[in-house]
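Values below: all heavy atoms of this structure, side chains included; hydrogens, waters and symmetry mates excluded.
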There are 2 protein chains.
Amino acid sequence: MVTLAEVARHAGVSASTVSYVLSGKRSISAATRERVENSVRQLGYHPNAGARALASSKSNIIALMVPLRTDMYVPVMMEIAMAVATAARTHGYDILLLTGEEGAQAVRRIEGSALADAMILMDVELDDERLPLLRTASRPAVLIGLPADTTGLNCVDLDFAAAGALCAQHLADLGHREVAVIGEAAAVYERRTGFAERTLTGLRERSNELGLRLLHRPCEGSYASVSATLSRIFDERPGTSAFVVQNEAATDPLLALLRQSGRAVPEDVSVVAVCPDQVAAHASVPLTSVAVPAQEMGRRAVEQVIAKIEGRGSDEEVVLLAPELTVRESAAQAPAGV
Amino acid sequence: MVTLAEVARHAGVSASTVSYVLSGKRSISAATRERVENSVRQLGYHPNAGARALASSKSNIIALMVPLRTDMYVPVMMEIAMAVATAARTHGYDILLLTGEEGAQAVRRIEGSALADAMILMDVELDDERLPLLRTASRPAVLIGLPADTTGLNCVDLDFAAAGALCAQHLADLGHREVAVIGEAAAVYERRTGFAERTLTGLRERSNELGLRLLHRPCEGSYASVSATLSRIFDERPGTSAFVVQNEAATDPLLALLRQSGRAVPEDVSVVAVCPDQVAAHASVPLTSVAVPAQEMGRRAVEQVIAKIEGRGSDEEVVLLAPELTVRESAAQAPAGV
DNA sequence: CACCCCTGTCGAAGCGCTTCGACGAACTTG
DNA sequence: CAAGTTCGTCGAAGCGCTTCGACAGGGGTG
């Protein structure tokens, strides 16, 4: 391994000069800089990460905590994680992948070992066990998601309440009066993952304002579950003319089952989903949907956390991305005379 | 931050003694050990990762390179990544997440900076640009996937050829004679990702042995693409009574389109897929499938790479996991008289 | 009983880097 | 033209840990 000292010798300068060339923290004459840069290139020098971290107490690593469970939202999680990794690299940071499994334990471990300069947490529950630790931690953290109490926390998330409202609004505008919500799996609500509840709140409030009748049912992504949920919904509310799908895994089964039961989408029944654009676009009927902007969420989280690392940026900052509804083919004017 | 020295003072021993208690590399009397462990606990001591890495030239980090593209196989990738992370933690390692985007560049960076003790690479192409670097690298690496030339390389993968053969066998056993293969997207073959070709080879060879007529068509995961592929297949081979699906994203559209076209699965047409068990089990018709054992692949890769880090384990070792076919409901006896 | 060996502990020397203070040399400025 | 600046570079200290060699003391051996 090539060391700083070797580069220095090769360039005929002192080690500190090389260091300053690399970091740019002191002014260096153009001639010297060039000589050093040449040596770096010729010798193929890479600074030793451990030594650098030790000397500067900065690892240039951001820890990312990804939920382990694969029962929900896998593509979104993956997309966010990859966006985070990509964005971090453009700022010179690497990503340390932590599984949600380790929980608060991992927060302590990272904090204590100075392995990472900051953390980004996904899959935040409303009353997450990791929050107290983060509030008192000496290292910055950013949540992707929104807990119940955001004091002293930095968060990035889609404004799911607004997303819900947007869905209600769109369906109301199309003349629908009875709307059913295919929710997330019951487990998601029990875990009190914020986005599910917030979407629902947004849906409910806007529905009240607009005089929509709303029926919400939790639902797994399997055919059996969607099928059962669907029967119950039509039993209770035969006049249902539109669906809002919260659980992206349920979209395909829903469309298939509606078709099987002789209901055409969007002629007889409209469907609006909250899901990544890719899922919406590739469904059997391209879905009118509110996108979950995974890429942007990841990017914003990185930018926010780096701002904090560098001493810019306030503590406590909640970024709620404005939802956008894309009209595709699954939602249309309500059938007349219902 | 609590340091080793503080723990030593608190326990009334020297720093080196604390270090040896922690690493177990020299024998320490039970009394001393206990005193030190107490101090560690009381002070909430965590070793500084950078310092440790510098002194021992070991970071306890394994770099994992995950493909960036989300066009294929996302759930499998995610599952492998998570399995790798989990398995690594049980051995005391953390995972550094690299995106495939960086390519060979990242290999050099990690190697040079000593950021990680080893690498695990996913989405290996047959003639991957990263391979030469890995062969000459001073740090161990394990591939998840199988390149064309495995000399000097450690690999873990499903035996996709055997998986293909297994599918052919199963369908032949059920009396099918004309089988169509819904392949991966054309881009996957162009990239020369090994598993796609190997599956096909396995299918072809066993089909030849058993006298099956095989027709292979690349196919994207969208409804439009599956629909087009399906028409072409039935045009060319109206007698087709069974499908092998390689592209997991195509399973749902395939089942839906077959149903729409009045073909019942498995009464009229059988379907066998190569995909994760979860996908197979949750399809609208539970799929008879050969599982892609993502969890096990991740775990094995970690075990192999750690063995190499610790000086155990040979260089050049190819682990091909034996495929297993699970009978569910999508494949049945070929219709009589075809 | 003199010897050696083992066990448990310590001190000190780095690992490769950053960063602070110092210091000539070259420039201003009154 | 003396005094004060600024600029570019260097030396040395130190980040927190691991690890090597040393060494004291207690047992076993011949």
Determine whether a donor-acceptor pair (N or O, by modelled atom type, separation under 3.5 Å) exists between the side chain of [X] and the backbone of [Y].
X	Y	result
B/Asp123	B/Pro67	no
B/Thr150	B/Leu146	no
B/Ser23	B/Ser19	yes

Practice prompt. If a protein heavy atom is under 4.0 Å from the base, mark B; if only from the sugar-phosphate, S; if neither, -; do that for nucleotides 17-27 of chain C going 5' to 3'.
Written response: BBBBBB-----
Discussion item. Under 4.0 Å, heavy atom to any atom of DNA chain C: which of residues 109-116 of chain B qualify?
Written reply: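 Residues of residues 109-116 of chain B that come under 4.0 Å of DNA chain C do not exist, since none gets that close.
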Would you find more than 12 non-hydrogen atoms of other residues, nucleotides or ligands less than 6.0 Å from [X] atom [atom1]?
X	atom1	result
A/Asp149	CG	yes
B/Lys25	NZ	no
B/Glu34	CD	no

Discussion item. Measuring from atom CG of A/Leu96 to atom CD1 of A/Ile61, what distance do you get when rounded to the nearest 0.5 angstrom?
Written reply: 6.0 Å
Worksheet entry | A/Ile95 side, atom CD1; A/Leu97 side, atom CG - distance, nearest 0.5 Å |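 Here the interatomic distance stands at 9.0 Å.
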Item to complete: Answer with base, sugar-phosphate or nothing: what part of the nucleic acid does B/Ile28 contact at a heavy-atom distance below 4.0 Å?
Response: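 It contacts sugar-phosphate atoms only.
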Fill in: Chi angles and distances behind the side chain to side chain donor-acceptor pair (under 3.5 Å) call for B/Thr151, B/Glu316
CA-CA 6 Å; B/Thr151 25; B/Glu316 191 167 346; 5.6 Å; no
Discussion item. Checking contacts here: which listed nucleotide (D/dT9, C/dC10, C/dT9) is nearest the side-chain heavy atoms of B/Val13?
Written reply: C/dC10
Discussion item. The side chain of B/Ser27 is closest to which nucleotide in this list: C/dG8, C/dC10, C/dT9?
Written reply: C/dG8
Worksheet item: Would a 4.5 Å heavy-atom cut-off, applied to side chains only, mark A/Leu115 and B/Asp94 as touching?
Response: yes
Discussion item. How many whole angstroms separate atom CZ of B/Arg35 from atom C1' of C/dG8?
Written reply: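 Answer to the nearest Å: 12 Å.
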Worksheet item: Rounded to whole angstroms, how far apart are CG on A/Leu54 and C1' on D/dC15?
Response: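 Roughly 4 Å, once rounded to whole Å.
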Practice prompt. Starting from the first five and the last five pairs of the helix from C/dC1-D/dG30 to C/dG30-D/dC1, work out the angle between the resulting helix axes, to 10 degrees.
Written response: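 Helix axis angle between the two ends: 30°.
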Discussion item. Using side chain to side chain contact (heavy atoms under 4.5 Å, CB included), reason through A/Val156 and A/Glu317 one step at a time and then give a plain yes or no.
Written reply: CA-CA 8 Å; A/Val156 173; A/Glu317 185 178 352; over 6 Å; no
